[in-house]
Amino acid sequence: MKPVEMASDWESARKLPTRAEAKRRDNVFAGQSVVENALFAGVEVIRVSAWPKGHNAPPHSYAIVHAVSPGLVEDANVPYEEEPWPDDMDDELEGPERRVEQSNQDLAREFADVIEDGQWQEVVDPILPLKLEWQQSSETCWQFFFDLAPGARCLGLGERNSSLNLRSSSHTLFNTDNHLHIESMDSMYKSIPFLIIEQGEHFIGLFLDSPARQRWDLDSLITSQASIELLSRRGWQLYCIGPSTLPNIVKTFTTLTGRAKLPPMWAIGHQQCRWSYPDQETVIRIAHEFRQRRIPCDGIVLDIDYMDDYRVFTSSAERFPDFKDLISDLSRNNFKVTAIIDPGVKEDSKYFVYTDGVKHDYFCKTGDDKVFIGEVWPGRSAFPDFLKQEVRMWWAAQHGFHTENGIAGIWNDMNEPAIFKNQEPLAWDADQLPADDDQLFMQETPEGRIGHFEVRNLYGSMMSRSSFEGMLALRPNQRPFVLTRSGYAGVQRYAAVWLGDNMSWWHHLSRSIPMLLNMGMSGVAFSGVDIGGFGHNCSGELLTRWYALGMFYPFFRNHCWMKGDAQEPWAFGPVVEAHCKKFIETRYRLLPYIYSLFWENSRSGAPLMRPMAWHYPEDQFARELDDQFLFGENLLVAPIVERGRTWRSVYLPEGLWHPFEGGEPLQGGQVYKIQWNLDAIPVFVKDGSLIPMSDVIQSTEDYARAPITFHCFGKSGRGVFFEDDGNSLDYENGDYNEWRLKVDDGQLIAQPVELGFDSRRKDFRLLYNGKAESVTLSIS
Ligand code: MIG
């Protein structure tokens, strides 16, 4: 990788667009469209489907799933079928209203028509006057226009290098290896075309389901006009959700696009990575350091150099001669190992993955029917067409190499797909698509063979689907852990995500908060950024502050590139090490709380990291903050994210708030000046909460027997304790314990919601008013 600071990078960055408002062109729509209305547990959803002349339906959606019941997505081994809309959806439903329009120019302004006939107006107009209109402006370009009322705020939209409010800027959704991570490079690794508009206390969601390039201009000219430009020959579906509360909007969106299963317990522990630990001796040494220094850690992540010349599904005989023994050695020491897998398959006639793929026609091909070859780490490489079920199954089966070696997790990188020297395969200012056979390569869809740009944003999602389904098939009844860099709406069903190549810059530390908040509201809760920063060099102070925040990233991994200085928790000497250790230990102490938040996420889609507006929608001031956030309902995290600072202002919303590490509670509804020394845990706890905490453990292997303390913040407290085996899918059949806990006057009352799990845990304590006493969880 070339250094970031090369002048030419900045030259080219300067030429990149910072706004892209769509100009209204003529309408050429001559296809058909359908408008349907439905109700999902009381939330209105309107769906508009449109397809151009010559087609007879919108393209198959890979994002939408059939939710069998709340929280359960379909069996991963069953290929997705187009589900009838929407009789099969969960919860109460009202019959869909269906109107099929014949093609003609006037009806192209579908939304305008719907407003006139009453339905749309009734649902949306009185509160959020979007005045949404759309048209087809050319064979390959669709335009959407809507109003953003003054003061309305824009949230979500997946991975955006932006502050929380996305308004007054434009956003390109076209998956790109944005390894510079600078704002002027608009495209990121993931594209989730789901925007939440917040106006007053009302929220509305817009999901434009198309994996082709979209550019959302969210009022960049501050004239209250927003637009979307979609480059596709194929049509689309647009969902308008709400208005409702923010939790309801996300719940409905994740009913439509699916939810994550519970992660395996180890995957929410601390993980350590580096590009790359060059050989097995180094990996062993790193693992030993963790245990010797008693810094908790659950995962070691292997980057590309474990492979034989970057051939996927192999290991290097030179540097990792005892691959299998290494993994079992680590496993005996309670480390789970995750291995990276890139999509590029080395072109090599002696390499089985390549020859097999060619033989069965599994690789993407160019317009003239030749296997597409791009340069990536292995050199000239071919790229599987993950849109095809048989290709996903073949690729899934290759994961047997890893499961046989004892690998527990799979890391999918480079799956935009990134190709060296062709990081921007479609010019940023293109307003048309090239011909299908001139879009890098072609892919198979249910509608036939089409150009890659039409479905580019799906490549990473479908690759991680293959890894997820493969791991589940190879290790039945064990929850897979897959990590992906690229993805589309619905990717949460298959994988956790990290946000790619950030830098060891203070700005990227502070930026991680709004970026992860917007990811969470886009359906992807299990996310994090590289702790310490990926590129450039970290410093002791930066690493310390990064762990103080990072212990609240749902995905908790320290990672950096090879060129910079090492940044393991001990890399900057004893003082930094002691601080980082304390934060990592705090992560493990909070595991019971964190795990119950994952449980909540699997059922309702609620993210773990929540913007202030999630719980305080009426608080005008709180909603604008994105240097602090709520972690679940009860913890407010307000870290220091600037160099040299020990003080910051913290806004506490209504109620009483306790400093996490003790001290007098503060009355909310105002801003406080708070001092956080380098070792401080930058958290306030809401009065009246009962936070379940574990004793410190060195890995989650010891979690099942670890004593749990219910920490009551205030005179009374309410909380949840969720427990299961932490690894299998038995919880889906009720094999879990869920307790509702209540403390009044120092007395713990435990009420079981479900008692399906045979727990080995014996030690429970109640910490009340500074005193700890043993308690039992029993049916009262
Ligand atoms: O071209 O595998 O974002 O986490 O360490 C770089 C090497 C490829 C990019 C990933 C990064 C990873 C690196 N990869």
Side-chain angles (χ1 to χ4, degrees), residues 62 76 158-159 175-179 188-192 211 260 263-264 267 271 273 275-276 299 301-307 310-314 336-346 353 357 362 364 374 376-378 381-387 391-403 407-419 456-474 479-488 490-501 519 524 526-530 534 555 557 559:
Y62 288 81
E159 186 183 37
N175 289 348
T176 303
D177 178 0
N178 181 345
H179 61 92
M188 297 292 288
Y189 308 91
K190 304 164 196 71
S191 297
I192 305 181
Q271 304 199 40
C273 187
W275 176 27
S276 290
V301 185
L302 300 181
D303 208 323
I304 46 178
D305 295 284
Y306 77 85
M307 289 183 262
Y310 306 127
R311 287 176 186 83
V312 284
F313 309 112
T314 68
K336 296 283 189 297
V337 182
T338 295
I340 196 170
I341 297 178
D342 290 351
V345 173
K346 189 177 179 68
V353 182
Y362 289 154
C364 298
V376 271
W377 292 108
S381 304
F383 294 81
D385 185 357
F386 293 111
L387 287 189
V391 176
R392 289 197 300 271
M393 284 177 68
W394 164 70
W395 188 261
Q398 308 303 317
H399 289 65
F401 170 79
H402 284 306
T403 52
I407 294 287
I410 298 295
W411 173 18
N412 289 167
D413 189 23
M414 302 287 278
N415 51 356
E416 293 71 31
I419 292 164
R456 177 171 174 87
N457 292 341
L458 277 171
Y459 196 88
S461 269
M462 290 301 112
M463 180 189 184
S464 60
R465 175 177 175 179
S466 173
S467 287
F468 175 87
E469 292 176 355
M471 292 303 276
L472 195 56
L474 290 158
R479 299 172 208 165
F481 172 68
V482 177
L483 177 69
T484 185
R485 189 169 78 174
S486 182
Y488 179 66
V491 68
Q492 67 271 10
R493 305 195 294 262
Y494 314 119
V497 304
W498 94 108
L499 306 190
D501 297 346
M519 280 307 289
V524 187
F526 195 5
S527 59
V529 308
D530 290 345
F534 176 75
F555 174 60
R557 183 185 71 162
H559 178 44

May I have the step-by-step check of side chain to side chain contact (heavy atoms under 4.5 Å, CB included) for Tyr306 and Ile340, ending in yes or no? CA-CA 9 Å; Tyr306 77 85; Ile340 196 170; 3.7 Å; yes
Would you please test Phe468 and Val482 for side chain to side chain contact (heavy atoms under 4.5 Å, CB included) and show each step? CA-CA 6 Å; Phe468 175 87; Val482 177; 4.2 Å; yes
Audit row: Val353, Trp394, side chain to side chain contact (heavy atoms under 4.5 Å, CB included) steps and yes/no: CA-CA 10 Å; Val353 182; Trp394 164 70; 3.9 Å; yes
Stepwise side-chain hydrogen bond (donor to acceptor under 3.5 Å, both in side chains) check, Asn415 with Thr484: CA-CA 8 Å; Asn415 51 356; Thr484 185; 2.8 Å; yes
What verdict does the side chain to side chain contact (heavy atoms under 4.5 Å, CB included) test give for Ile407 and Phe401, after you've listed the backbone C-alpha separation in whole Å, the side-chain angles of each residue and the deciding distance to 0.1 Å? CA-CA 9 Å; Ile407 294 287; Phe401 170 79; over 6 Å; no
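Contacts of Asp385 classified as salt bridge (charged side-chain N to carboxylate O under 4.0 Å, His left out), with partners at least two apart in sequence or in another chain: none. Asn178 meets the side-chain contact (heavy atoms from CB on, under 4.5 Å) test with Leu180, Met185, Met188; sequence neighbours excluded. Applying the side-chain hydrogen bond (donor to acceptor under 3.5 Å, both in side chains) rule to Ser467 yields the partners His399, Asn412; only residues at least two apart in sequence or on another chain are considered. Under the side-chain hydrogen bond (donor to acceptor under 3.5 Å, both in side chains) criterion, Gln271 pairs with no residue, sequence neighbours left out. Under the rule for a side-chain hydrogen bond (donor to acceptor under 3.5 Å, both in side chains), Ser527 has no partner lying at least two apart in sequence or in another chain. Under the salt bridge (charged side-chain N to carboxylate O under 4.0 Å, His left out) criterion, Arg557 pairs with Asp530, not counting sequence neighbours.
Between Pro384 and Pro343 the shortest heavy-atom distance is CD-O, 3.2 Å. Across every non-hydrogen atom of Val376 and Ala418, the tightest pair is CG1-O, 3.1 Å. A pairwise comparison of heavy atoms in His559 and Cys273 identifies ND1-SG, 3.2 Å as the closest pair. Across every non-hydrogen atom of Val524 and Ile192, the tightest pair is CG2-CD1, 3.7 Å. Gly374 and Phe383 get closest at one heavy-atom pair: N-CE1, 3.8 Å. Shown here for Pro480 and Pro264, the closest heavy-atom pair between the two residues is O-CD, 3.7 Å.
Inter-residue side-chain proximity for Ser381 and Tyr310 is flagged as unmet; no heavy-atom pair is nearer than 4.5 Å. Residues Val491 and Ser464 meet the side-chain proximity criterion, which asks for heavy atoms closer than 4.5 Å. Between Ile304 and Ser276 there is a side-chain heavy-atom pair separated by less than 4.5 Å. Contact annotation: the side chain of Arg456 approaches that of Pro417 to within less than 4.5 Å [non-hydrogen atoms, C-beta and beyond]. Residues Val312 and Gln398 have side chains not in contact (no heavy-atom distance under 4.5 Å, counting atoms from C-beta outward). Considering only heavy atoms from C-beta on, Asp342 stays 4.5 Å or farther from Arg485 through its side chain. A heavy-atom distance below 4.5 Å is found between the side chains of His402 and Ile341.
Note that the OG1 atom of Thr338 and the CG atom of Leu302 stand 8.0 Å from one another [nearest 0.5 Å]. Atoms CG and CE, from Leu499 and Met519 in turn, are 6.0 Å apart once rounded to the nearest 0.5 Å.
The six-membered or imidazole ring of Trp498 lies away from that of Tyr189, with a centre-to-centre distance of 6.0 Å or more. Between Trp275 and Trp377, the ring center distance clears the sub-6.0 Å criterion.
No option in Tyr488, Phe386, Tyr62 other than Phe386 meets the ring pair (Phe, Tyr, Trp, His ring centres under 6.0 Å) test with Tyr459.
The aromatic rings of Phe555 and Phe526 sit perpendicular, their planes meeting at an angle over 60°, well past the 30° parallel limit.
With hydrogens and angles ignored, the 3.5 Å screen pairs no side-chain donor or acceptor of Tyr494 with any backbone N or O of Glu469. Side chain of Glu416 to main chain of Asp177: no donor-acceptor pair is present (N/O by atom type, distance under 3.5 Å, no hydrogens or angles). Between the Lys336 side chain and the Ala408 main chain, no donor and acceptor come within less than 3.5 Å of each other.
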